[in-house]
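Worksheet: one structure, shown below.
On a predicted model such as this, the values are computed, not experimentally measured, just so you know. In the text below, chain A, chain B and the rest are named by the order of the sequence lines, each starting its count at 1.
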Number of protein chains: 2
Amino acid sequence: MTFNEFRAKWTPVVDDYLAAHLASEIDEVKLSKIMTYSVMAGGKRLRPLLFLATLDAINHHITAQDIQIAGGIELIHTYSLIHDDLPAMDNDDYRRGKLTSHKKWGEAEAILAGDALLPLGLQWIAEGSESADLVKIMTRAIGANGMVGGQYLDIAATNNATVATDANLINRMEWLKTGCLIVASVEMAAVAGCASAANKAKLLAFGRSFGRSYQIYDDLVDIVETSTAAGKATHKDQENGKHNTLTMLGAERSRAELRTLIKAAQTSLTGLDSGILAGFLDLYQKVL
Amino acid sequence: MTFNEFRAKWTPVVDDYLAAHLASEIDEVKLSKIMTYSVMAGGKRLRPLLFLATLDAINHHITAQDIQIAGGIELIHTYSLIHDDLPAMDNDDYRRGKLTSHKKWGEAEAILAGDALLPLGLQWIAEGSESADLVKIMTRAIGANGMVGGQYLDIAATNNATVATDANLINRMEWLKTGCLIVASVEMAAVAGCASAANKAKLLAFGRSFGRSYQIYDDLVDIVETSTAAGKATHKDQENGKHNTLTMLGAERSRAELRTLIKAAQTSLTGLDSGILAGFLDLYQKVL
């Protein structure tokens, strides 16, 4: 199966799970609607697909429980987007071509929708895996030493000129902000699918290269795409005093860095039956 | 051992765990400081103590792992206070006699401190218990059908006059907002300590009565105490268009309701060696 076939097969399964369970599992209808609005706003389901593709790469048959875990990963990703968009954070009005949660529903509602998606995501991971191990991987990836720590560094670095050329800080910030959740999606699959130690090491190496590269890709989208194509405001990082690999290295050196990481990710997969995982790297073609 | 002796023994153990591990486990020093500021602001550690006292009531020897779980519960409670105080929510300037997180550190910092405390609390619960079961109990208690759902109803009901006499809605809102996390603390101990089915039923009945009564008590504190004694603004619920049991029933009928719940909680404990758990109800004397 190719990456595109895999994506075409599993994206609607994940989407259907998300829509059905956000409707059936939440008592308060309006709150369910607010949460659903952001979850069903047209995300690519990159992280759930990465979890499922990693399972596939180690010949683990994908079950209903795995779909629940995949859905949990997407809820957590969505919570992070809702909070990142808040006025006190990146203050974004549009996301995926639609009004952001706080613009659509109000600020308290957006904070609470995020605060409800996060534990529901972890609940689905605990229920789907029946394992404390997956919960530990995810909670470590999204907390102060992971995703939230990266967002904190981003906020602290904004409009701070001394950060502009601090490669260590920028690498660390982008790794935490974006890489940690991506590599956790791979690691959870390696653990859930009982990968051998050798395969797990390869998968984690792939996850780290892909996780690091994804933020560089996302930054490049900011300058390559029009805001219509991206579904959100573009060309705004530099204007807003944001620091990232792109503002530090410029477009050409960022592309070179991205190519290096793609090569490393491909090399990591040597010996694994992983054409589908390698296919995730094709997403980057549009910015190269 | 009396309730006061139990509290005097275990409160410093929980406090020391929290202070030591928030300092050692978080890489980013400033973010650790922001999280620690709210966690170590002088809370009573009611929920961790309730978890530990429930273990004690079923003759479970309290271990280092149980302290980690207890600490995790307190992190989650603290996250909820930080987010409840935000300008878009209850907009409080003081909590426990100190500036609230967003007044002290900034709004983005407060949102992120909460967003970091929540997964760290669940991480500690997963690490301490090595069980998906405790994670499931906690995540269900604090999400859309629990604590966050209650806060959502509270926000939606504020300044909505039709809510003022809606006993069902007010009961449900206060139960979700405050009761769910309290009963989860009891249930997690019943599961971690392998309580018999009969004892678990008694403990949960106690937890439900105590959990429901605690918000009524907290509302009464709002009118009984001066703001200096309470460490936060008091006499503000009615002014701010808030609806709760107190604004619905008035002080005397709220006290009667509280006495009824205390009686029910005491009756639930019949047959358990639970003088310490019963002692939690003595906290209410100051508003009766």
Worksheet item: Relative to chain A, which of B/Met138, B/Gln151, B/Glu127 shows the most heavy atom pairs under 4.5 Å?
Response: B/Glu127
Worksheet item: Any side-chain heavy atom of A/Thr139 within less than 4.5 Å of one from B/Leu118?
Response: no
Discussion item. Is B/Leu86 close to chain A through its backbone or its side chain, or both, or neither, when contacts mean heavy atoms under 4.5 Å?
Written reply: side chain
Fill in: Electrostatic pair A/Arg140:B/Glu25 at N-O distance under 4.0 angstrom
no
Discussion item. One pair to check against side-chain contact (heavy atoms from CB on, under 4.5 Å): A/Met89 and B/Leu112. What are the steps and the verdict?
Written reply: CA-CA 9 Å; A/Met89 308 268 255; B/Leu112 291 171; 3.4 Å; yes
Fill in: Considering all heavy atoms, the nearest A/Ala132-B/Ser131 contact
CB-N, 3.5 Å
Worksheet item: How far apart are the closest heavy atoms of A/Ala88 and B/Ala108, and which atoms are they?
Response: O-CB, 3.3 Å
Worksheet item: Is the number of heavy atoms from other residues, nucleotides or ligands under 6.0 Å of A/Lys98 NZ greater than 12?
Response: yes
Response to the item:
If one checks every heavy atom of B/Ile34 against chain A at 4.5 Å, the contacting part turns out to be side chain
Fill in: Contact class of A/Ile125 relative to chain B, heavy atoms under 4.5 angstrom
neither
Worksheet item: Picking from A/Leu31, A/Leu134, A/Asn145, which has the most non-hydrogen pairs under 4.5 angstrom with chain B?
Response: A/Asn145
Practice prompt. Under 4.5 Å, counting heavy-atom pairs only, tell me which of A/Asp133, A/Leu120, A/Ile142 racks up the most with chain B.
Written response: A/Ile142
Discussion item. Is B/Leu153 close to chain A through its backbone or its side chain, or both, or neither, when contacts mean heavy atoms under 4.5 Å?
Written reply: side chain
Worksheet item: Given that the side chain runs from C-beta out, which part of A/Ile111 has a heavy atom under 4.5 Å from chain B: side chain, backbone, both or neither?
Response: side chain
Worksheet entry | Interface moiety of A/Ile76 toward chain B, non-hydrogen atoms closer than 4.5 Å | neither
